[in-house]
Amino acid sequence: METKDDSSLDFIRTRIEEDIKANKNQGRVHTRFPPEPNGYLHIGHAKSICLNFSLAEEYNGKCNLRFDDTNPCKEEVEYVESIKKDVRWLGFDWEDREFYASDYFEKLYEYAVQLVKKGKAFVCDLSAVEIKDTRGTLTEPGTESPYRNRTIEENLDLFERMRKGEFKDGERVLRAKIDMSSPNLNMRDPVIYRILHASHHRSGDTWCIYPMYDFAHGLCDSIEGITHSICTLEFEDHRPLYDWFLEELDVFRSQQIEFARLNLSFTVMSKRKLLELVQSGYVKAWDDPRMPTLSGLKRRGYTPESIRDFCGRIGLAKRDSVVDIALLEFCLREDQNKRAPRRMAVLDPVEVIIDNYPEGQVEELESENNPEDESMGKRKVPFSRRLYIEREDFREDPPKKYFRLSPGREVRLKHAYYITCQNVIKDPNTGKVQKIHCTYDPKTKGGWAKDGRRVRGTLHWVSVPHARNAEIRLYDRLFNTKNPLDLKEGEDFKENLNPNSLKVLTSSKLEPGLSKAQPGDRFQFLRKGYFCVDPDSTQDRLVFNRSVPLRDTWAKILKKQKQK
RNA sequence: UGGGGUGUAGCCAAGCGGUAAGGCAGCGGCCUUUGGAGCCGCCAUUCGGAGGUUCGAAUCCUCCCACCCCAGCCA
């Protein structure tokens, strides 16, 4: 068993260790991840997934995957499939413990009958509006339903007939009989079963009554022997009700523990809002690389390892928080720096001609695949008289501290030669640089000058005749504001969307070896960032997503210079 | 003006009566065939506020303030 540094246990682990010490549940730890299959998983769910599965692992327990499918109107198999895929992708295994609340519908029904028999539940004929009207307010107690004192026999009969389908949707409900004047609204005779003549994605038309979350969730936990039922803060108020059901039915007592859900800066994290972005067409789909969904992050190029690392770094507590998205980006860089093979790609090309390099000559130059990991080996990259370099790597009139190419200046081409800029050809009308003429020093092969001569700048490059064309998609934050939901009156969160969150480059140039890249493959493009092959790629057109740019010190210097 | 929670740096977050961990971000410097990476250093005299207890308080007590959640037959 992994031992965690107990000097910094979070409050949940502290609690679990206390339970183990007290031999609660014979020291057993059993958790569950309980998604409702009504949407795609996002990075916020990843926090919960990592928490629940890691806890089980750390304390020699188990973690179940349980679909909370008690509302047939919202749930679909498409979602259960995507959820399973995402959890697996993250790297977690629920083995044979794939459960559904719907697996327990019969058992849950029996529990409800038991409650009725105890006089702790009743069939209520009030309409939804009437129930709402009699619930009271935050400061005033509710009033009891006129049906609250039906006899047990009548309740039993009515509930059975509800199940048989004798009533229409909304005609009657089963309610727990608790306390209409409780200051906790959840305890004011909450509805526990409603009539829904809807086909369920698993149980089909077997049922026309469905249990409510509060009733189902705790009892499912109990049935599965869940020891620690971890959920988010908004359910804190529900805990007394959770406990009430377990106590009244005298079943295994699972313990609900609440933690603060994850919020990330510059994005939104609710299924409803993410759906809205998809439906409004602002993003292309749930797996659009700008989305904080797991499928989006995956397509963007995030690795499961980086996301798990992130979930481990964000901390766990009860206070509302907004984690800086820079931490997520940091985790990806940290992961990819050690693992991503280096390649050269010129995103925005301009041509360099090396005047003194023999026409028609090609050299295969040796390049390391990853300076962080020698075991990743080397590769050959073709070099010739005509090369592409990054347009921004040349400045006719270089600002201070600019180390790159400019007239008369010598720089290094990575793994190749020193070159010196001789002159520039510009479009006479636009003034745009078209070709840069340089000379190279044949004695600097490999990028070293034996005479000890130094250059400040090193550029990446791609040989023109060997280059492969590619489309590169550059992403920026989805929203312009740190908290897109911080709105003025009448404002819609979509007004905070960043109109420049996607920029498409269509004539980027790749070193030839990259033509074999497959969707999902990840690389570091030297000096540019980490990139991932998009599934939109075809045989003759590779598409790359920029997962995250490299840290850019030069950009910071520029920014500072501008501020002055 | 009900109930349930939460306040420690720009963002997370440890801390549990003995004198403010760590990470991200930021800022300096070193190093560098990626302005990447790496390395070194800096970054809370103070813990929402005010009182009190104590030799000693972020930690205990009292009052106050701010923020979040709850009035679905959603989860």
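Residue numbers start from 1 in every chain, and the chains themselves are labelled A, B, ... in the order their sequence lines are given, proteins ahead of strands.
Taking the six-membered ring for Trp and the full ring otherwise, Y302(A) and F310(A) have centroids separated by 6.0 Å or more. Aromatic rings of F159(A) and Y193(A) (six-membered ring for Trp) have centroids within the 6.0 Å cut-off, being under it. For an aromatic pair to be called close, the ring centres must be under 6.0 Å apart, and H201(A) with Y79(A) fails this.
Other residues, nucleotides and ligands contribute over 12 non-hydrogen atoms within 6.0 Å of the CZ atom of R161(A). Atom CD of E364(A) has more than 12 neighbouring heavy atoms from other residues, nucleotides or ligands inside a 6.0 Å radius.
One atom, CZ of F310(A), and another, P of rA13(B), lie 11 Å apart when rounded to the nearest Å. The CG atom of D309(A) sits 19 Å away from the P atom of rC12(B) (whole-angstrom rounding). For L328(A) and rA25(B), the CG to P distance is 12 Å, given to the nearest whole Å. As rounded to whole Å, 10 Å separates atom C1' of rC31(B) from atom CZ of R454(A). Remark: C1' of rG26(B) and CG of L327(A) are 15 Å apart, rounded to the nearest angstrom. Regarding K528(A), its NZ atom lies at a distance of 10 Å from the P atom of rG35(B), rounded to whole Å. With rounding to whole Å, R527(A) atom CZ is found 14 Å from rA37(B) atom P.
Using a 4.0 Å heavy-atom distance criterion, K556(A) is classed as a sugar-phosphate-only contact. Within 4.0 Å of Y530(A), counting heavy atoms only, lies no atom of the nucleic acid at all. Nucleic acid contact class of P371(A) (heavy atoms, under 4.0 Å, all strands): base. Within 4.0 Å of I314(A), counting heavy atoms only, lie sugar-phosphate atoms of the nucleic acid but no base atom. F330(A) comes within 4.0 angstrom of sugar-phosphate atoms only, judged by non-hydrogen atoms across all strands, and of no base. Among the protein residues, H415(A) comes within range of the nucleic acid bases, having at least one heavy atom under 4.0 Å from a base atom. At the heavy-atom level, K318(A) lies under 4.0 Å from the strands shown only through sugar-phosphate atoms. Across all strands, E140(A) comes closer than 4.0 Å to no nucleic acid atom at all (heavy-atom distances).
A 3.5 Å limit on both hydrogen-bonding distances identifies rC55(B) as the Watson-Crick or G-U partner of rG18(B). When both pairing distances are held under 3.5 Å, rC27(B) makes a Watson-Crick or G-U pair with rG41(B). Under the Watson-Crick and G-U wobble criteria, each requiring two contacts below 3.5 Å, nucleotide rU6(B) is paired to rA66(B). Pairing for rC74(B) is absent, with no Watson-Crick or G-U wobble pair whose two atom distances lie under 3.5 Å.
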So if I define the base as every atom that isn't primed, P, OP1 or OP2, how would nucleotides 69-75 of chain B read as a B/S/- string at a heavy-atom cutoff under 4.0 Å? BBBSBSB

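Between H217(A) and Y213(A), the ring planes lie tilted relative to each other; the angle falls in the 30° to 60° range.
If you take atom P in rC43(B) and the same atom in rA20(B), they sit 14 Å apart, rounded to whole Å. rA13(B) and rA9(B) have their C1' atoms separated by 11 Å, with the value rounded to a whole Å. Comparing rG26(B) with rU59(B), their C1' atoms are spaced 30 Å from each other, to the whole Å. For the P atoms, the distance from rC67(B) to rG72(B) is 24 Å, rounded to whole Å. Comparing the P positions of rA57(B) and rG52(B) gives a spacing of 12 Å, expressed to the nearest Å. Taking atom P on both rC60(B) and rC70(B), the two are 29 Å apart, rounded to the nearest angstrom. Straight-line distance between the P atoms of rC39(B) and rC24(B): roughly 10 Å, to the nearest whole Å. One C1' atom belongs to rU19(B), the other to rC27(B), and the distance between them is 28 Å to the nearest Å.
When each of F525(A) and A260(A) is assigned the nucleotide of RNA chain B bearing its nearest heavy atom, the one mapping closer to the 5' terminus is A260(A).
The main-chain N or O of R202(A) is never found under 3.5 Å from a side-chain atom of S102(A) such that the two would form a donor-acceptor pair.
For K482(A), counting side-chain heavy atoms from C-beta on, the closest listed nucleotide (rC27(B), rG10(B), rC12(B)) is rG10(B). For R319(A), the listed nucleotide lying nearest its side chain is rU8(B); candidates were rU8(B), rG4(B), rG36(B).
Side chain R404(A) to base rG35(B): a donor-acceptor pair is found below 3.5 Å. Between the side chain of E258(A) and the base of rG4(B), no donor-acceptor pair under 3.5 Å is found.
Across R342(A), E390(A), K414(A), a single residue satisfies side-chain hydrogen bond (donor to acceptor under 3.5 Å, both in side chains) together with H460(A), and that is E390(A).
Anti is the conformation of rG48(B), whose glycosidic angle sits further than 90° from 0.
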Does the pair R261(A) and K47(A) meet the rule for a side chain to side chain contact (heavy atoms under 4.5 Å, CB included), with working shown? CA-CA 8 Å; R261(A) 61 158 17 108; K47(A) 178 179 181 182; over 6 Å; no

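Using a 4.0 Å cut-off, some side-chain N or O of K560(A) falls inside it from OP1 or OP2 of rG28(B).
With 3.5 Å as the limit, one finds a donor-acceptor pair spanning the side chains of R412(A) and T458(A).
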